[in-house]
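Note sheet for the following structure.
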Number of protein chains: 2
Amino acid sequence: MPAQRPRGVSIQDVARAAGVSRQTISNAINAPHKLRPDTLERVTALIEEMGYRPDQSARSLRSGTRRIIAYTTPETDPDNPNALMSGFLEAMVAAAGEAGYRILLVRPRPGQSRARALEDVIAARTADAILLSDVLEDDPCVDYLHETGFPFAVFGRTGPGRPQAWVDVDSAQAMIDLVGLLSSHGHRRVAYLGTSAALPWLRHREAGFRIGMRRFGLAGHEAFVDGLDEVVAVARDLLNRSPRPTALVLDDDWLAPGAYAAAQAEGLTVGADLAVTGFNDMPYTRLLQPPLTTVRLPLRRIADALVSRLLQSVEEGEPPEAGLLLAGDPVLRPSMTTVE
Amino acid sequence: MPAQRPRGVSIQDVARAAGVSRQTISNAINAPHKLRPDTLERVTALIEEMGYRPDQSARSLRSGTRRIIAYTTPETDPDNPNALMSGFLEAMVAAAGEAGYRILLVRPRPGQSRARALEDVIAARTADAILLSDVLEDDPCVDYLHETGFPFAVFGRTGPGRPQAWVDVDSAQAMIDLVGLLSSHGHRRVAYLGTSAALPWLRHREAGFRIGMRRFGLAGHEAFVDGLDEVVAVARDLLNRSPRPTALVLDDDWLAPGAYAAAQAEGLTVGADLAVTGFNDMPYTRLLQPPLTTVRLPLRRIADALVSRLLQSVEEGEPPEAGLLLAGDPVLRPSMTTVE
DNA sequence: GCGCGTGATATGAACGTTCACAGGACCTAG
DNA sequence: CTAGGTCCTGTGAACGTTCATATCACGCGC
C-alpha cells in the first residue's frame with residue numbers, strides 16, 4: 001500500500017501568497033532579470049520562507065532537461081574493486097555539481113547488456129547525457145550512442161575511425177617521462193613488470209615504456225603476471241637477470257607490495273639498491289616503506305573536461321570532434337634511487 | 001541555445017499504432033494481469049518494436065514516485081579517499097538495482113551544509129528516499145530527516161535517543177572475535193595500534209579490543225597515531241615494550257604497510273615471529289607479503305538491509321524502529337601466526 | 001491630451017503519464 | 001431471449017511546471 005506522500009508547496013501556492021502569478025515566481029527563479037527589483041526581493045524572500053523548490057519532475061517534463069548525467073558503473077570484480085573509481089567518481093560528482101548536474105549511477109540489470117541499459121536511460125529520458133568509462137576498443141556502446149545522437153562522453157580513448165568523444169590520460173607519455181626520470185637519476189638497466197590483462201591503458205603504458213627505453217638508450221627486460229600469486233616469483237626472476245636491473249617499473253601500483261617483497265627476498269633495499277615505480281597513485285602507495293614513486297592521474301582535470309564536453313553536446317547539440325589527452329603527473333617519492 | 005531535443009515515442013503513439021487506448025498500454029506495463037493474454041502479447045511486442053519507455057518525468061509527476069535513492073557523498077579528502085566507499089557504493093548500486101531503484105549522488109554545493117542539500121532533494125522531490133553514511137554521533141541531518149518524515153536510512157549507528165534508522169557493522173564484536181582468534185592461536189601478549197581520529201567506528205573497534213583482551217585474559221599495550229609519518233615509529237615503540245608482544249592488532253588496514261616495515265626494522269618476520277591483523281579487508285591487503293589477516297565488512301548484506309529499510313519506509317510509511325548490527329567476517333591470512 | 005513603444009506581469013496550453021471512473025463486450029443462468 | 005455479473009478497455013482530469021502570447025501600466029514625444 002504505497003503511502004500517499006503529501007505533496008509540498010507548489011508554484012501556485014507561492015504565487016497566491018505573494019499576490020502575483022505563477023509566471024512571476026517562475027521568472028524569479030529562472031530569469032530574475034525579468035522582475036522589478038522590489039518584486040524580485042519580495043518574491044525571493046517568500047520562496048525562501050515557504051521553502052519552495054520547483055518539482056524536478058514537472059520541470060523536466062515541461063522543459064525536457066533533467067540536469068542529470070547517467071554513469072554506467074562498470075561491473076567490478078568484488079575481489080578486486082577498481083579502487084580508482086572512487087577517486088574518479090569523487091571528481092566527477094564535484095565537477096558535475098559545479099555545473100549544476102548530478103550523477104546517476106546506472107547498472108545494467110542482471111543479464112542485460114550495457115547498451116540495453118543505456119537504451120533504457122535514453123528512451124525513458126532519465127538523463128541529459130551519458131558518461132562511460134572502462135570501454136574496450138571495440139565497445140558497441142560507443143557506436144550505439146553515436147548513432148542515437150544522444151550526448152555522451154567517455155573516460156578512455158576509443159579507436160580511430162570511431163566516435164572521438166573521449167578524454168584520457170596520456171599513459172604512454174607518462175611512462176616515457178617516468179623512464180626519463182630514471183635515466184636522469186643515472187639508471188641504465190630498467191626492468192618492466194606488467195599485468196597481462198588485455199586492457200587498453202595497460203598496453204599504452206607498456207608501449208610508452210618501450211619508447212622511453214629506446215629514446216633514452218636504456219636496456220632491460222619485461223615480464224608479465226596474470227594473477228596475485230605470481231607477482232613475487234616473477235619479480236624475483238626479473239631482479240635476477242644479469243646484469244641486474246637497478247630499477248623496476250610497474251604498470252600499476254597494485255604490484256608494489258609484491259615487488260617490495262621480492263626485493264627484500266633478493267636482499268635488496270628499495271630506495272637504496274633498487275628503485276621501484278608504480279602507476280595510478282593509489283592512496284596506500286604513500287604508506288609503503290619506502291613510499292612509492294608513481295604517476296598521479298589528473299582526475300579532477302579529466303572530470304572537468306568530461307563535464308565540459310558533455311555540456312557542450314547537450315547545449316549545442318554538437319559532439320566534440322577529437323579526443324583529449326591529459327598528462328599524468330609523476331610523483332617522486334623515496335622509492336626512487338640515484339645511481340652513481 | 002539549448003537544442004530542441006526531439007521527444008521520443010509517447011504512450012499515445014503506441015496506443016494509436018496498436019489500435020487501443022493509452023490506458024491499455026499503461027496497464028501492459030504497470031499491471032499486465034489486467035490485459036487479455038492476446039492483447040498483452042500484441043501490445044508488448046509493439047512496445048518492444050517501437051522502443052517505447054514511459055517518460056520518467058511524466059511518470060514521476062503523476063505518480064509521485066521516482067525510483068531513485070539519493071546518497072549524499074561525504075566530502076572525501078582527495079589525499080585520502082575513503083577507499084571503502086567504492087565497495088560500499090558498488091554494493092548499494094547492486095542492491096538498489098535489484099529493487100528497481102537507482103542511486104543519485106548528491107553533493108552539497110560549496111558552502112552549503114549537508115542538511116541544506118537534503119532539504120533541496122526533498123523539496124524538489126528528486127528522490128524517494130535518502131541514504132546517509134559517515135554521520136557523526138550528533139549529526140543534525142539525522143534529526144532533520146526524522147522530523148520531515150522523509151524516508152531515510154543511515155550506514156553507521158546513531159546515538160541512543162535519536163532516530164534508529166541505521167545499519168552498521170558490529171565492529172566491537174568483530175574485534176573481540178579477532179582477539180579470540182589470536183588467543184586460540186596461543187597469543188598472550190597483544191599490542192593495539194590505532195588511529196586517533198574521533199570517528200565512531202574507530203572507537204568501537206578500540207572498545208572491542210579491550211573487551212576481548214579482558215575476556216580472554218590477555219595482556220598488552222595500546223598506542224595511537226595521528227598521521228602517516230608516525231606509523232612506523234609508534235609501531236616500533238610498541239614492538240619494543242617488554243615483554244615483547246607476539247601480535248599487533250591494527251584498527252585499520254591502512255596501517256599495515258607501516259606495521260610491516262616496523263617489524264622488519266625490528267628484525268621480526270611478520271607471519272613467523274609476529275602476527276599482524278587489520279580491519280576492513282581493503283583490496284591491497286591481499287598483496288602484502290605476507291597477506292594480511294583482517295576483517296571483511298559484509299557490504300552486500302549491509303546494502304541489502306539498507307535498501308530493504310528504505311523501501312519499507314517508502315512503501316509503508318513506517319520507519320524501522322531499531323538499528324541493525326551485522327557481523328564482520330574475520331579473514332584468516334598468512335600474517336597470522338601460532339605461538340607454542 | 002493622445003498614441004505608441006517598452007518592459008513587467010498574467011493567462012491558457014502543453015509536456016506524458018497515471019488515476020478514477022464510465023462504458024462495453026462477453027458469458028452464464030434463469 | 002434477457003438480466004446480471006465479470007472482465008477488459010476507453011475517456012477526462014490532474015500532477016506542477018514552463019512556453020508562447022496576451023494584457024497591462026507606464027513614460028515619452030508630439
Side-chain angles (χ1 to χ4, degrees), chain A residues 1-44 46-47 50-67 122-126 128, chain B residues 1-44 46-47 50-67 122-126 128:
Chain A
M1 182 166 310
Q4 196 67 359
R5 188 159 305 292
R7 308 242 174 194
V9 284
S10 80
I11 199 171
Q12 190 65 269
D13 300 333
V14 184
R16 263 193 290 265
V20 298
S21 76
R22 293 185 320 248
Q23 189 61 42
T24 304
I25 309 298
S26 179
N27 284 339
I29 290 175
N30 300 310
H33 63 276
K34 290 190 177 174
L35 266 61
R36 256 196 325 238
D38 58 330
T39 315
L40 178 58
E41 191 180 350
R42 194 164 50 90
V43 166
T44 308
L46 201 56
I47 287 175
M50 300 179 71
Y52 168 70
R53 301 282 190 298
D55 181 299
Q56 199 52 247
S57 306
R59 170 180 268 195
S60 301
L61 173 60
R62 176 61 207 176
S63 71
T65 164
R66 271 117 205 115
R67 314 234 79 173
I122 296 174
R125 272 145 287 179
T126 303
D128 294 329
Chain B
M1 183 168 310
Q4 197 64 0
R5 188 157 307 289
R7 308 241 174 194
V9 284
S10 80
I11 200 172
Q12 189 65 268
D13 300 332
V14 184
R16 263 193 290 263
V20 297
S21 77
R22 294 183 320 245
Q23 188 62 43
T24 304
I25 309 298
S26 179
N27 284 339
I29 290 174
N30 300 311
H33 63 276
K34 289 191 178 173
L35 266 60
R36 259 198 321 240
D38 58 331
T39 315
L40 178 59
E41 190 179 354
R42 193 164 51 90
V43 166
T44 308
L46 200 57
I47 287 175
M50 300 178 71
Y52 168 70
R53 301 282 189 298
D55 182 299
Q56 200 52 247
S57 306
R59 171 180 267 194
S60 300
L61 174 59
R62 177 60 204 171
S63 70
T65 163
R66 272 114 203 118
R67 316 232 80 174
I122 296 174
R125 272 145 285 180
T126 302
D128 294 328

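Just so we're clear, the structure is a prediction, and the values are computed from it rather than from any experiment. A note on names: the letters A, B, ... follow the listed sequences, proteins ahead of strands, and every chain is numbered from 1.
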* Specify the separation, in whole Å, of atom CD1 of Ile25(A) and atom C1' of dA10(C). => 12 Å
* To do: Evaluate whether atom CD of Glu41(A) has more than 12 neighbouring non-hydrogen atoms of other residues, nucleotides or ligands under 6.0 angstrom away.
  => no
* Has Ser63(B) got a side-chain N or O lying under 4.0 Å from the OP1 or OP2 atom of dT17(C)? -> no
* Nearest to the side chain of Ser21(A) - dT9(D), dA10(C), dT18(C)? -> dA10(C)
* **Nearest to side-chain heavy atoms of Arg36(A), which nucleotide of dG10(D), dT18(D), dA8(C)** => dA8(C)
* Would you call Val20(B) and Arg42(B) a side-chain contact if the rule is heavy atoms closer than 4.5 Å? -> yes
* Interatomic distance where CD belongs to Gln56(A) and C1' belongs to dT18(D) [whole Å] -> 13 Å
* Structure fact -> Taken to the nearest whole Å, CG/Asp55(B) to P/dT18(C) is 10 Å
* To do: May I ask you to evaluate whether Thr24(B) reaches the phosphate of dG10(D), defined as a side-chain N or O under 4.0 Å from OP1 or OP2?
  => yes
* Asked: Between dC19(C), dT17(D), dC15(C), which nucleotide gets closest to the side-chain atoms of Arg62(B)?
  -> dC19(C)
* Structure fact -> Side-chain atoms of Leu35(B) come closest, of dT9(D), dT17(C), dC15(D), to dT9(D)
* Does a nitrogen or oxygen in the side chain of Ser26(B) sit under 4.0 Å from OP1 or OP2 of dT18(C)? -> yes
* Phosphate OP1/OP2 of dT18(D) contacted by Arg59(A) side-chain N/O (<4.0 Å) -> yes
* Asked: Rounded to the nearest Å, what distance is computed from the CG atom of residue Asp38(A) to the C1' atom of nucleotide dA8(C)?
  -> 11 Å
* Asked: Does the side chain of Ser57(B) come within less than 4.5 Å of Arg125(A)'s, by heavy atoms?
  -> no
* Asked: Does the side chain of Gln12(A) come within less than 4.5 Å of Arg22(A)'s, by heavy atoms?
  -> yes
* Rounded to whole angstrom units, what separation is found between the NZ atom of Lys34(A) and the P atom of dT9(C)? -> 12 Å
* Asked: OG1 of Thr39(A) to CG of Asn27(A): how many Å apart, nearest 0.5 Å?
  -> 11.0 Å
* Asked: What integer distance in Å separates Tyr52(A):OH from dG16(D):C1'?
  -> 7 Å
* Proximal nucleotide (of dT17(D), dT9(D), dT18(C)) relative to the Ile11(B) side chain -> dT18(C)
* Specify the residue among Val20(B) and Asn27(A) whose closest nucleotide of DNA chain D lies further upstream toward the 5′ end. => Val20(B)
* Are Ser10(B) and Asp13(B) side-chain neighbours, meaning at least one heavy-atom pair lies under 4.5 Å? -> yes
* **Under 4.0 angstrom between Ser10(B) side-chain N/O and dG16(C) OP1 or OP2** => no
* Side chain of Gln23(B) (C-beta onward), nearest among dA20(C), dC15(D), dT17(D) -> dA20(C)
* Asked: Could you give the CD-to-C1' distance, from Gln12(A) to dA14(D), as a whole number of Å?
  -> 14 Å
* So does Thr39(B) get a side-chain nitrogen or oxygen closer than 4.0 Å to the phosphate oxygens (OP1/OP2) of dT9(D)? -> yes
* Asked: Counting just side-chain N and O atoms, does Asn30(B) come under 4.0 Å of either OP1 or OP2 of dT18(C)?
  -> yes
* Structure fact -> Here the distance between atom C1' of dT18(C) and atom CG of Leu61(B), to the nearest Å, is 10 Å
* Structure fact -> Of the candidates dT9(D), dT9(C), dT17(C), the side chain of Ala58(B) sits closest to dT17(C)
* Asked: Looking at the side chain of Arg22(A), which of dT17(D), dC15(C), dG12(D) is the nearest nucleotide?
  -> dT17(D)
